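Single-structure report; data block below.
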Amino acid sequence: MSEIPKAYKPGKIEKKWYDFWLKQGYFCPKKDQSKKPFVIIMPPPNVTGELHLGHALTATLEDIMARWHRMKGEPTLWLPGTDHAGIATQVVVERQLAKEGLTKEQIGRDQFTRVTWEWANKSREHIRRQHQLLGASCDWARERFTLDEGPTRAVRTAFVRLFNRDLIYRRERIINWCPRCQTALSDLEVEHKDIAGSLYYIRYPLAQGKGFVTVATTRPETFLGDTAVAVNPTDKRYRKLIGKIVVLPVINRQIPVIADDAVDTSFGTGALKITPAHDATDFEVAQRHILPLVDVMNPDATMNENAGPYQGLERFACRGKVLTDLQDKGLLEKTEPYSHSVGHCDRCQTMIEPRVSLQWFVRTQSLAEPAIEAVRDGRIRIIPERFTKIYFDWMGNIKDWCISRQLWWGHRIPVWYCQDCSEVTCSVDEPRACVHCGSKQIIQDPDVLDTWFSSGLWTHSTLGWPEDTDDLRYFYPGSVMETGYDILFFWVARMIMMGLENMGEIPFHSVYLHGLIRDESGEKMSKVRGNVTDPSEAIGKYGVDALRFALTSGTSAGNDTNVGKPKLESGRNFVNKLWNASRFILQTLDTDGSQSKAAEPQPRSMEDLWINSQLNRLIKSVTELMESFQFGEAEQQIYDFIWSKFCDWYIEIVKIRLRSRSAASPVPVLVDTLEKSLRLLHPFMPFVTEELWQMVKQRLGTGDQMAASIMIAPYPIADNTAFAPEAERVMDSVIEIVHSIRNVRAQYKVGPSKYVEAHVYTDELLSNLSAEASVIEALAKARPLSVRDRQGRPSVKDTDLVLVLKEAEVVVPLAGMVDVLAEEQRLARESKEIEERIARLNVRLRDSAFLNRAPVEIVEKQRQKLAMLEDKLKRLHQELSQLGSASADG
RNA sequence: GGGCAGUUGGCUCAGUGGUUAGAGCGUCGGUUUCACAUACCGAAGGUCACAGGUUCAAAUCCUGUACUGCCCACCA
């Protein structure tokens with residue numbers, strides 16, 4: 001009907017159906033105690049702003065799983081949410097303030113928090129809208145934010161429980177300090193980059209007598225905090241110096257030379273300066289030798305009062321000054337270029353300053369052990385499997401986790417310090433007094449928790465924990481945790497630890513890790529490169545279904561995906577192809593009223609049996625692929641079926657039947673195949689499939705027999721009885737014949753409107769191919785066309801082109817056009833190839849090892865192939881000899 | 001320093017032991033044919049990085065080499 005537009009226009013359709021689904025409440029699961037629910041807790045995006053393609057991939061993969069399971073009849077919960085993202089959000093808001101010329105200190109903590117809440121609320125709304133744009137079928141009624149009351153209570157409860165079990169402690173340690181953010185960071189939040197620096201050789205004069213010890217360092221400015229020089233006890237060069245005193249230049253502090261195994265004799269001079277307050281190794285050495293700590297820097301990485309004359313200088317300015325001064329005194333022995341790895345803040349890229357500081361830590365080892373066990377014994381499966389080893393490696397060497405942050409945005413640490421007795425009160429609810437002495441002079445710790453602390457509880461805090469809620473009982477543990485491999489340690493590992501700790505049970509059964517999204521040429525997307533694709537823009541241009549296709553088709557777990565214009569266009573084209581195939585079928589339905597209401601499709605003809613067989617093979621394969629998390633491959637196979645089988649062949653063949661009134665109507669099979677294809681595809685492309693499903697439903701007028709929406713219709717199940725090997729064999733032959741005739745047409749430049757004469761000769765398939773004569777005639781534009789047995793074949797003329805196929809010969813008379821010599825060569829080439837293959841098969845089939853060890857069906861297959869090839873070769877040889885005699889006659 | 005992954009047509013990638021290795025894009029030639037030019041028809045193009053090994057059978061498993069990318073690591 002002309003009212004269906006030629007091209008699919010996504011915009012309005014997408015909005016219409018999303019609103020419809022929402023209104024119908026399909027996203028909200030109905031608890032059914034007799035059924036096992038399918039549960040995905042969405043990785044909460046940071047409330048820092050827009051969603052990018054990585055988020056779109058997350059949402060798409062999770063939506064594919066959710067929709068598929070929902071269609072399978074499982075109560076499906078996909079719980080959405082957002083993360084306050086402590087440091088990330090604070091950095092963004094600080095930048096925002098800076099544009100107005102303000103700093104957070106100027107407006108104060110309360111005002112800053114208010115501004116950040118406003119930002120977060122706006123951002124949350126934006127994120128929700130974007131997810132909805134993507135078609136995400138999540139239960140918005142259960143949406144959570146990490147700073148919501150429930151999750152906050154979970155954070156405090158978890159903290160207090162760990163504290164009471166002595167799994168959280170406060171201690172002075174070397175931590176990663178970001179001088180820009182002015183907070184401690186965990187090891188994971190530090191990005192190591194190779195820096196082309198220098199190795200400076202500095203002389204420390206001996207306190208008594210002449211001479212000096214030369215130390216090598218990349219950070220000369222830290223010499224101000226040195227409290228010893230260490231050498232390896234086995235190092236003969238320095239044996240006499242152990243116990244001696246050296247003098248730090250400029251500030252003239254006297255420090256000892258000590259012996260410690262940590263020193264590598266082969267590095268630098270073999271003498272190591274010990275700066276306990278600014279280096280992790282040095283800190284350990286200092287602890288062993290009870291050396292004093294001298295912190296020479298302020299939190300902003302300027303030099304402090306301990307730096308003497310350098311006080312007030314920025315750390316790198318100080319380095320320059322130190323080097324000049326040492327040079328002047330002749331104490332800078334040499335400088336070598338030296339490349340080494342330096343930590344940077346992963347949020348603001350500022351160089352990290354290792355610094356001694358009093359912080360809160362989680363004692364991780366006892367939490368890690370059960371988490372390792374859960375994966376080892378298979379209770380939790382990681383996909384792809386290779387990440388299991390990475391997980392074990394990290395968990396096996398886990399370090400204590402620094403959880404306190406000197407930020408303003410986040411969960412306040414639930415600890416109060418007593419001004420009177422100096423004891424600590426740790427409590428879920430705000431305490432009125434010190435639990436130790438009853439003093440009311442208590443002050444809450446000013447710090448907040450690492451944002452990943454609350455994320456770690458996400459699998460159960462979102463379901464109501466620490467309360468014992470219905471949701472928690474029914475939906476915990478979750479089914480799949482789907483996220484990027486880049487946050488395996490940050491998040492997945494911690495969820496497993498915290499889930500086991502708080503719930504006594506694993507938080508999810510499977511972990512599906514997806515890869516990174518890159519641009520079309522494999523480059524990482526970044527604002528600096530200017531190759532960022534904005535999801536909303538892509539949606540506006542190509543439609544959601546096309547974007548989802550671009551993100552997921554033909555990809556697999558753990559592998560990075562390139563997304564760019566070509567992939568998006570390919571997705572859009574496919575949607576359009578499906579649209580037009582449906583458009584054709586709907587038009588057919590209108591004109592073919594007589595058969596349209598037949599509910600049960602009854603495959604009658606060969607092509608009906610064929611497409612039905614192929615469809616059910618597809619369903620079987622897709623089911624297996626989905627069950628093993630191979631979504632990209634499943635999608636690809638659906639694509640191939642719809643385009644290359646259903647559209648290219650079945651629909652084209654069926655058009656012939658539609659033209660002749662006498663033939664049985666193809667409409668029931670047409671509709672059935674379309675309808676099942678739509679259901680198969682729905683998890684991947686929800687919008688176009690719903691629109692088309694509804695259109696079909698409306699035209700059929702059988703609304704009561706179909707579900708109200710495709711998203712709650714059952715996912716197709718393969719019918720093994722539909723497999724039709726005989727029909728497949730015949731159709732393979734038909735396709736081969738049509739291909740070969742088209743090939744000849746193109747080769748001999750037969751115009752598109754011209755028909756060529758063609759004769760098919762076959763014995764075994766005679767009756768079946770005769771029945772398909774009209775199909776061959778129409779699709780190959782062959783007329784007159786005949787299908788006969790081989791006996792009836794007239795002797796070949798040199799004007800005939802003979803094509804020897806698998807189970808037939810096709811003769812195309814092309815008077816005056818055939819180059820006999822070239823034909824002879826072509827046939828000779830072809831028979832030579834076949835001879836080679838036969839030879840190879842013969843070798844194999846005479847090999848007793850193969851016959852004895854290979855499975856019988858494989859051997860049988862080879863025999864059949866050999867027989868087929870020998871038959872074909874025989875026919876080829878016949879043609880060749882006939883051609884030879886024909887040309888000799890001619 | 002340790003580990004992981006990748007190397008398949010011009011490009012981007014599928015292909016998890018079964019024998020003629022696939023797709024999309026691009027290229028070349030043809031077609032505006034009544035679902036679709038976001039399309040159709042036809043074609044060209046690959047000793048599956050290299051070298052060994054296991055196996056009746058290897059793009060696929062193992063070992064080594066090379067290159068590329070990523071992750072981890074207290075390389076003063």
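The structure presented is a predicted model; accordingly, all values stated were derived computationally and were not measured. By convention in this document, chain letters (A, B, ...) are assigned in the order of the sequence lines, proteins followed by strands, and residues within each chain are numbered from 1.
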Short N/O separations, protein against nucleotides 70-75 of chain B, under 3.5 angstrom:
| residue | atom | partner | partner atom | Å |
| --- | --- | --- | --- | --- |
| C74(B) | O2' | T281(A) | OG1 | 3.1 |
| C74(B) | O2 | T281(A) | OG1 | 2.8 |
| C75(B) | O2' | Y338(A) | OH | 2.4 |

Q) Which ranges of RNA chain B pair up as stems, where a stem means three or more consecutive Watson-Crick or G-U pairs with both distances under 3.5 Å? A) B:1-7 with B:66-72, B:10-13 with B:22-25, B:27-31 with B:39-43, B:49-53 with B:61-65
Q. Checking all strands, does V263(A) fall into the base, sugar-phosphate, or nothing category for heavy-atom contacts under 4.0 angstrom?
A. base
Q | Separation of A43(B) C1' from R745(A) CZ (nearest whole Å) | A | 16 Å
Q: Test R288(A) against every option in D261(A), D260(A), D282(A) by the salt bridge (charged side-chain N to carboxylate O under 4.0 Å, His left out) rule and name the one that passes.
A: D260(A)
**Q.** Validation row: I642(A), F574(A) side chains within 4.5 angstrom (heavy atoms)
**A.** yes
Q) What's the CD1-P distance between I383(A) and U16(B), to the nearest Å? A) 16 Å
Q. Can E569(A) and K567(A) be counted as an ion pair, charged N to O under 4.0 angstrom?
A. no
Q) For RNA chain B, whose closest nucleotide is more 5', that of L851(A) or that of K389(A)? A) K389(A)
Q: Tell me what A262(A) touches on the nucleic acid: a base, only sugar-phosphate, or nothing, going by heavy atoms under 4.0 Å.
A: nothing
Q: State plainly whether the residues E870(A) and K872(A) are in salt-bridge range, i.e. N to O under 4.0 Å.
A: no
Q.
Before we go on, tell me: are the rings of Y639(A) and F549(A) under 6.0 Å apart, centre to centre?
A. yes
(Q) Work out how far the C1' atom of G45(B) is from that of A58(B), and round it to whole angstrom. (A) 24 Å
For nucleotides 18-21 of chain B, give me every protein contact, N/O to N/O, under 3.5 Å, one pair per line with atom names.
| residue | atom | partner | partner atom | Å |
| --- | --- | --- | --- | --- |
| U19(B) | O2 | R844(A) | NE | 3.0 |
| U19(B) | O2 | R844(A) | NH1 | 2.2 |
| U19(B) | O2 | R844(A) | NH2 | 2.4 |
| U19(B) | N3 | R844(A) | NE | 3.4 |
| U19(B) | N3 | R844(A) | NH1 | 3.3 |
| U20(B) | N3 | R837(A) | NH1 | 2.6 |
| U20(B) | O4 | R837(A) | NH1 | 2.3 |
| U20(B) | O4 | R837(A) | NH2 | 3.0 |

Would you list the atom pairs, donor with acceptor, under 3.5 Å between side chains in residues 831-842 of chain A and any protein atom, with sequence neighbours excluded?
| residue | atom | partner | partner atom | Å |
| --- | --- | --- | --- | --- |
| S831(A) | OG | L827(A) | O | 3.0 |
| S831(A) | OG | A828(A) | O | 3.0 |
| E835(A) | OE2 | H877(A) | NE2 | 3.2 |
| N842(A) | ND2 | I838(A) | O | 3.4 |

(Q) If I pick the P atom on G17(B) and the same atom on C61(B), what distance separates them, to the nearest angstrom? (A) 8 Å
Q | Atom C1', compared across C40(B) and U33(B): separation rounded to whole Å | A | 9 Å
Q. Who are the side-chain contact (heavy atoms from CB on, under 4.5 Å) partners of A286(A), not counting sequence neighbours?
A. P276(A), L291(A)
(Q) Any non-hydrogen side-chain atom of I651(A) less than 4.5 Å from a side-chain atom of K645(A)? (A) no
Q.
What's the gap between G24(B) and G9(B) when it is taken at their C1' atoms, as a whole Å value?
A. 13 Å
Q. Atom CZ of F641(A) and atom C1' of A14(B): how far apart are they, to the nearest Å?
A. 20 Å
Q | Close side-chain approach of P5(A) and W579(A), heavy atoms under 4.5 Å | A | yes
**Q.** Length of the line joining L513(A):CG and A5(B):C1', which is rounded to integer Å
**A.** 14 Å
Q | Length of the line joining I517(A):CD1 and C13(B):P, which is rounded to integer Å | A | 12 Å
Q) C25(B) and U20(B): how far apart are their P atoms, nearest whole angstrom? A) 28 Å
Q | Atom C1', compared across U60(B) and G6(B): separation rounded to whole Å | A | 15 Å
Q. Separation of D393(A) atom CG from A5(B) atom C1', in whole Å?
A. 15 Å
Q | Nearest-0.5 Å distance that lies between atom CD in Q862(A) and atom CG in L869(A) | A | 10.0 Å
Q: For C4(B) versus C62(B), give the span between their P atoms, rounded off to a whole number of Å.
A: 11 Å
Q) Does a nitrogen or oxygen in the side chain of N559(A) sit under 4.0 Å from OP1 or OP2 of A14(B)? A) yes
(Q) Using a 4.0 Å heavy-atom cut-off to protein, can you give one letter per nucleotide of nucleotides 33-40 of chain B, 5' to 3': B if the base is in contact, S if only the sugar-phosphate is, - if neither? (A) --BBSBSS
Q: In whole angstrom, give the distance that lies between atom CD of E624(A) and atom P of U16(B).
A: 13 Å
(Q) Looking at N232(A) and D264(A), would you say the former's side chain and the latter's main chain have a donor-acceptor pair under 3.5 Å? (A) no
Q. Can you find a heavy atom in the side chain of I741(A) that is under 4.5 Å from one in the side chain of V810(A)?
A. yes
Q. Under a 4.5 Å cut-off applied to non-hydrogen side-chain atoms, are T218(A) and V342(A) in contact?
A. no
Q. Rounded to the Å, how far apart are I258(A) CD1 and A76(B) P?
A. 18 Å
(Q) If I pick the P atom on G69(B) and the same atom on G22(B), what distance separates them, to the nearest angstrom? (A) 32 Å
Q) Tell me, do F392(A) and I382(A) make a side-chain contact under 4.5 Å, heavy atoms counted? A) no
Q: Please round to the nearest 0.5 Å and tell me the distance separating atom CD1 of I352(A) and atom CD of E189(A).
A: 9.0 Å
